[in-house]
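Numbered from 1 within each chain, the chains take letters A, B, ... in sequence-line order.
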Amino acid sequence: GIQVEQSPPDLILQEGANSTLRCNFSDSVNNLQWFHQNPWGQLINLFYIPSGTKQNGRLSATTVATERYSLLYISSSQTTDSGVYFCAVGQKLVFGQGTRLTINP
Amino acid sequence: DTEVTQTPKHLVMGMTNKKSLKCEQHMGHRAMYWYKQKAKKPPELMFVYSYEKLSINESVPSRFSPECPNSSLLNLHLHALQPEDSALYLCASSSQGSHEQYFGPGTRLTVT
């Protein structure tokens, strides 16, 4: 089956910093989603981005489908950005192991 | 409206109990999913329903029994669970025209 790798596994930053999260996948996909899981477990949709670039406020994402990777950019981080960020691919949504982001005040 | 609701939020059950988890969406989506998430791990797919028919069962033990009574509702019936089944159970839905899935808040299950 398809493999999904996320890096880094953990990231600790100060408020106001920028960050880049990476997702590599092993096969071509027609679905790629980025999620933020909050401390209560809710998976919040950030981007549906099988290819191309999208922006939503301080967040943006780019997927280069031909090279099988996606990047999530977070600018001017806030403490509320803390949590686990998952990349998931495919119709059956295979998840990566996630990046745990901690933003310190 | 992109809301998927799940009840209950928390559930504690003994190994001999029978309980059910409920998921509901009113987005007109025709595909619905159950995922299981253990602590500090990513969600893993359990079942997929498409047009109210079970289309994927990821080799889930029979003590988990899904049901899709109509296009808006998805249940997960639980019977004779083990303590290792304690986890966050997430429901999701998607439209047939798009693969984008929307998740509910989950049911946190503890089996004692």
Task: Contact class of A:N30 relative to chain B, heavy atoms under 4.5 angstrom - done: both
TODO: Tell me, for A:Q33 versus chain B, whether the close heavy atoms (under 4.5 Å) come from the side chain, the backbone, both or neither.
DONE: side chain
Open item on the list: Strictly below 4.0 Å, N to O, side chains only: are B:K38 and B:E84 in salt-bridge contact?
Closed with: no
Open item on the list: Could you check whether A:F95 and A:F35 have their ring centres less than 6.0 Å apart?
Closed with: yes
Open item on the list: Just so I understand: if I count every heavy-atom pair under 4.5 Å between each of B:R108, B:K9, B:E100, B:E58 and chain A, which residue has the most?
Closed with: B:E100
Open item on the list: Between B:A31, B:P105, B:P43, who has the most heavy-atom pairs with chain A when the cutoff is under 4.5 Å?
Closed with: B:P43
If we ignore angles and hydrogens, is there a donor and acceptor under 3.5 Å between the side chains of [X] and [Y]?
X	Y	result
B:Y35	B:Q101	yes
B:S55	B:S50	no
B:S94	B:H29	no

Task: Under 4.5 Å from a heavy atom of chain A, the part of B:E44 involved - done: neither
